[in-house]
Amino acid sequence: MTSTAAEEIGERRSGIVISPGNPFNDIVEEDVDGLYRALVRALSPLGLAYLNVVHGGDENLIQKFRREWPTALLLNRRGADIETRVKDLDDGLADVITVGAQTLANPDLVARVKVDAPLNEADPSTFYGGGERGYTDYRALDSALHEG
Ligand SMILES: Cc1cc2nc3c(=O)[nH]c(=O)nc-3n(C[C@H](O)[C@H](O)[C@H](O)COP(=O)(O)O)c2cc1C
């Protein structure tokens, strides 16, 4: 028997991530706009808590999601700096911004942004490594200050 997360814990506790036009692992999608608008339209009545969109570069498409999606819109502006991502909140384009690699590389990301401290650069050679390297060994600002 199979069941969905929403069936087990309720739609209001479930969300979905979509990555329109993401070429990862040689994915090729045609008619990205038509495909994802149809998907989002079909999902809209379900009452999910959020839609998390990995930005594929099409600003118009994100704006359409913003207009059409009825609950919280989360946006991952892939590869962008924090200031650009925060602007999405200020502009009302998203309710929440999601941050991947910079969060990995900065265990204290929020504290750093608050005091405008420089960020550690993520090291892509350690992504998906299967071990702790690149996942638990980036330094927090405090330890960087105290250990030099
Ligand atoms: C180490 C690592 C692991 C990731 N794992 C996943 C995953 O399991 N599922 C997923 O949808 N995206 C995953 N991502 C993609 C991120 O969620 C995000 O979309 C991507 O890193 C681009 O956004 P960013 O610039 O905020 O990192 C991963 C990214 C990294 C760097």
Side-chain angles (χ1 to χ4, degrees), residues 2-44 46-66 68-141 143-144:
T2 59
S3 63
T4 65
E7 280 167 0
E8 293 297 327
I9 62 173
E11 289 82 0
R12 295 292 304 138
R13 293 197 182 94
S14 307
I16 188 166
V17 188
I18 59 171
S19 304
N22 185 347
F24 196 57
N25 286 339
D26 300 325
I27 296 170
V28 178
E29 289 176 331
E30 286 164 16
D31 188 15
V32 171
D33 187 286
L35 178 66
Y36 281 90
R37 287 188 71 200
L39 174 63
V40 166
R41 228 174 274 134
L43 291 168
S44 287
L46 300 184
L48 297 176
Y50 65 84
L51 174 70
N52 185 0
V53 184
V54 181
H55 202 312
D58 183 341
E59 297 296 340
N60 285 333
L61 184 58
I62 306 296
Q63 283 172 9
K64 287 172 191 165
F65 292 154
R66 184 52 160 169
E68 292 168 9
W69 182 253
T71 63
L73 185 73
L74 283 56
L75 186 60
N76 175 247
R77 193 174 277 274
R78 187 172 47 188
D81 60 29
I82 293 293
E83 291 74 18
T84 306
R85 294 177 195 241
V86 169
K87 191 169 178 302
D88 289 330
L89 294 175
D90 295 340
D91 291 347
L93 187 60
D95 297 299
V96 175
I97 50 171
T98 62
V99 183
Q102 287 151 325
T103 308
L104 196 60
N106 294 276
D108 52 354
L109 181 68
V110 173
R112 284 178 188 249
V113 170
K114 275 187 182 160
V115 299
D116 207 16
L119 302 185
N120 296 324
E121 283 289 321
D123 176 3
S125 72
T126 63
F127 291 172
Y128 317 113
E132 66 192 39
R133 199 168 153 249
Y135 286 86
T136 59
D137 50 0
Y138 286 100
R139 293 212 293 181
L141 198 54
S143 62

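Because the structure is a prediction, the values reported are computed rather than measured. FYI, the numbering just counts along the sequence from 1. Indexing begins at 1, ligand by ligand and atom by atom, following the structure's order. Just so you know, these numbers use all the heavy atoms, side chains as well, and skip hydrogens, waters and symmetry mates.
Between Arg77 and Glu59 there is a salt bridge, since at least one side-chain N of the basic residue sits less than 4.0 Å from a carboxylate O of the acidic one. A salt bridge does not link Arg85 to Asp90: none of the charged nitrogens lies less than 4.0 Å from a carboxylate oxygen.
Distance check on atom 30 (C) of ligand 1: some protein heavy atom falls below the 4.0 Å cut-off. Note that atom 9 (N) of ligand 1 has no protein non-hydrogen atoms nearby, at separations under 4.0 angstrom. Within a 4.0 Å radius of atom 18 (C) of ligand 1, the protein contributes at least one heavy atom. Within a 4.0 Å radius of atom 22 (C) of ligand 1, the protein contributes one or more non-hydrogen atoms. For atom 13 (C) of ligand 1, the protein comes within 4.0 Å by no heavy atom at all.
Across all non-hydrogen atoms, the minimal contact from Val32 to Leu61 is CG1-CD2, 4.1 Å. The two residues Gly21 and Tyr36 come nearest to each other via the heavy atoms N-CE1, 4.1 Å.
Among protein heavy atoms, atom 27 (O) of ligand 1 sits closest to Ala101 N, 2.7 Å. Counting protein heavy atoms only, atom 5 (N) of ligand 1 is closest to Tyr128 CE2, 4.2 Å.
Annotation: Asn76 places an N or O atom under 3.5 Å from an N or O atom of ligand 1; distance criterion only.
A side-chain N or O of Asp81 and one of Thr84 form a donor-acceptor pair less than 3.5 Å apart.
Note on ligand 1: Gln102 sits outside its first shell, no heavy atom being nearer than 4.0 Å. Residue-ligand proximity: Val99 is placed with a non-hydrogen atom under 4.0 Å from ligand 1.
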